[in-house]
Enquirer: 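I'd like to ask you about the structure that follows.
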Number of protein chains: 2
Amino acid sequence: MKKTEELSERTIERLTLYRRLLSDLREKGLEHIYSHQLAEFISNTPAQIRRDIMMIGYVANSKKGYTITDLIEKIDSVLSCCDSRIALVGIGNLGRAILSYFNQQHSALRIVAAFDNDESRINRVIAGCRCYPIRILKEKVEEEKISLGIITVPGQSAQDVADILADAGIRGILNFAPVPVKVPDGLYADRIDITTAIEKVAYFANCKSNKK
Amino acid sequence: MKKTEELSERTIERLTLYRRLLSDLREKGLEHIYSHQLAEFISNTPAQIRRDIMMIGYVANSKKGYTITDLIEKIDSVLSCCDSRIALVGIGNLGRAILSYFNQQHSALRIVAAFDNDESRINRVIAGCRCYPIRILKEKVEEEKISLGIITVPGQSAQDVADILADAGIRGILNFAPVPVKVPDGLYADRIDITTAIEKVAYFANCKSNKK
DNA sequence: AACTGTGAATGCCTTCACAGCT
DNA sequence: AGCTGTGAAGGCATTCACAGTT
């Protein structure tokens, strides 16, 4: 596989979005698309789209713009370098919601096991995914060849869970807890902070309407 | 109120995090904190912390570093310029999870009404929040003086819901649907894209371990 | 001595603007 | 004529590095 020059986080985020959008468009029977059309759909600039696509080395093959099927395939080849089996820890409301939300749509990436300390939450099956006690996490991770973890436990347990995941040999973590966690080098961690997002909207919504 | 020079999105995000962290620390009895300690907690640099705090015009009052209570108060005064009543649209798994997750912790910002088209989901009360049919959204928004909206409907309905919210006079939107929505000028919209976040972790987790 | 506040430097990301292609 | 691919410019955000403060 041709080694593309290091893609930035922002670019990767947009590529995943392009892929989803392009799949929709393809299903609607569209075959080609221009950068300015794509830009319009996602409220971005044509130049940004062109540069992202340039970064992954796809070249439009005609005056018709990008060939949707080929472009999807190219994005796939860039993104799907990835391992695909995920563990989710914390089977509360949010954990369950993410489980069903995510496992419905996807195939290449899948949450294959869920974990919790609360006995009443284990041994169930949610969205095709069985629930286990945390104490057998490491064992399951090895057995099921899981390489990613999602943390949906309360803030005060998040670091503990991150440590357990790291110890189990996981390589990437997505953390929904309201606090950041520390992970060893070589392990990638990202965070979705719902509280921050809402507070941020509150702040800027207010600024914006004061401005006008 | 002193008009602070336009704060960036990134700065606001960090400020909300600082506030949460500082509240925790205060509850643990801590009174003062240095920038490098705060930095350590959230895996950031002391310089970043100092600049953020500088941006909101708070000045450390002694060699002991920042006074936690005063700093919290200062952050509050910056962030709480905001209106505080929120409507959530889409009472599926994710919507319900966010409702209970968010309404448990907060007081200044609150989800006060939830909406859905599905009759089986209405007239319930979740986390202290009553559920209504979408057709009465505008009326409720006015009655309850709601100024922010959270979208947790499937992608194909997201734009419709955004339009309804915009028409109802909402000023800010947080969109959890997997597609961006277009909103009129003067309305602030942000997005949390769970699918993108997971795919991104998958990508970088893999890159990182290939690197070493 | 050890911290903060901050101008200046750096680095990253986006946008411009235009040559080249069809 | 109208699009893409891309070097260069511009704009933001972070980090450096040090003067000022207690």
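Throughout, protein chains are lettered first and strands after them, A, B, ... in sequence-line order, and every chain is numbered starting at 1.
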Enquirer: Take atom CD in Glu73(B); do more than 12 heavy atoms of anything else shown fall under 6.0 Å from it?
Expert: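 No, the 6.0 Å shell around CD holds no more than 12 heavy atoms from other groups.
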
Enquirer: Reading DNA chain D from 5' to 3', where do the contacts with chain B start and stop? Cut-off is 4.0 Å to heavy atoms.
Expert: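 Nucleotide range with atoms under 4.0 Å of chain B: dA13(D) to dT22(D).
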
Enquirer: Using a cut-off of 4.0 Å between protein heavy atoms and nucleotide atoms, how would you tag nucleotides 10-15 of chain C 5' to 3' with B, S and -?
Expert: ---SBB

Enquirer: Within this structure, what is the CG-to-C1' distance between Leu38(B) and dG5(C), rounded to whole angstrom?
Expert: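 The answer, rounded to whole Å, is 16 Å.
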
Enquirer: Listing time: all N or O pairs from protein to nucleotides 2-4 of chain C that are below 3.5 Å?
Expert:
{"unit_1": "dT4(C)", "atom_1": "OP1", "unit_2": "Ser35(B)", "atom_2": "N", "d": "2.7"}
{"unit_1": "dT4(C)", "atom_1": "OP2", "unit_2": "Ser35(B)", "atom_2": "OG", "d": "2.6"}

Enquirer: When rounded to the nearest 0.5 angstrom, what is the spacing between CG in Asn93(A) and CG in Leu99(B)?
Expert: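 Rounded to the nearest 0.5 Å, the CG-CG separation comes out at 10.0 Å.
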
Enquirer: With a 4.5 Å heavy-atom cut-off, do Ile173(A) and Ile151(A) have their side chains touching?
Expert: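 Yes, their side chains come closer than 4.5 Å.
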
Enquirer: For residues 24-44 of chain B, dump all side-chain donor-acceptor pairs below 3.5 Å to protein atoms at least two apart in sequence or in another chain.
Expert:
{"unit_1": "Tyr34(B)", "atom_1": "OH", "unit_2": "Lys63(B)", "atom_2": "O", "d": "3.4"}
{"unit_1": "Gln37(B)", "atom_1": "OE1", "unit_2": "Tyr34(B)", "atom_2": "N", "d": "2.8"}

Enquirer: Would you indicate whether the side-chain heavy atoms of Ile86(B) and Ile150(B) approach each other to under 4.5 Å?
Expert: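 Yes, their side chains come closer than 4.5 Å.
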
Enquirer: Would you tabulate the side-chain donor-acceptor contacts of residues 46-61 of chain A under 3.5 Å, counting partners in other chains and residues two or more places apart, or write 'none'?
Expert:
{"unit_1": "Gln48(A)", "atom_1": "NE2", "unit_2": "Asp52(A)", "atom_2": "OD1", "d": "3.4"}
{"unit_1": "Asp52(A)", "atom_1": "OD1", "unit_2": "Arg14(A)", "atom_2": "NH2", "d": "3.0"}
{"unit_1": "Asp52(A)", "atom_1": "OD2", "unit_2": "Arg14(A)", "atom_2": "NE", "d": "2.6"}
{"unit_1": "Asp52(A)", "atom_1": "OD2", "unit_2": "Tyr18(A)", "atom_2": "OH", "d": "2.5"}
{"unit_1": "Asn61(A)", "atom_1": "OD1", "unit_2": "Thr67(A)", "atom_2": "OG1", "d": "3.1"}
{"unit_1": "Asn61(A)", "atom_1": "ND2", "unit_2": "Thr67(A)", "atom_2": "OG1", "d": "3.4"}

Enquirer: Of all the heavy-atom pairs spanning Gln159(B) and Lys182(B), show the shortest one and how long it is.
Expert: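 Where Gln159(B) meets Lys182(B) most closely, the heavy atoms are OE1-N, 2.8 Å.
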
Enquirer: Please identify each residue that fulfils side-chain contact (heavy atoms from CB on, under 4.5 Å) with Gln105(B), with sequence neighbours left out.
Expert: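 side-chain contact (heavy atoms from CB on, under 4.5 Å) list for Gln105(B), sorted by chain: Thr195(A), Tyr101(B), Phe102(B).
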
Enquirer: Donor-acceptor check, side chain of Arg96(A) to backbone of Ile91(A), threshold 3.5 angstrom: yes or no?
Expert: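 Yes; judged by distance alone, with no hydrogens or angles, the pair exists.
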
Enquirer: How long is the straight-line distance from CG of Asn117(B) back to CG of Asp160(B), given to the nearest 0.5 Å?
Expert: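 Separation between the atoms: 9.5 Å.
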
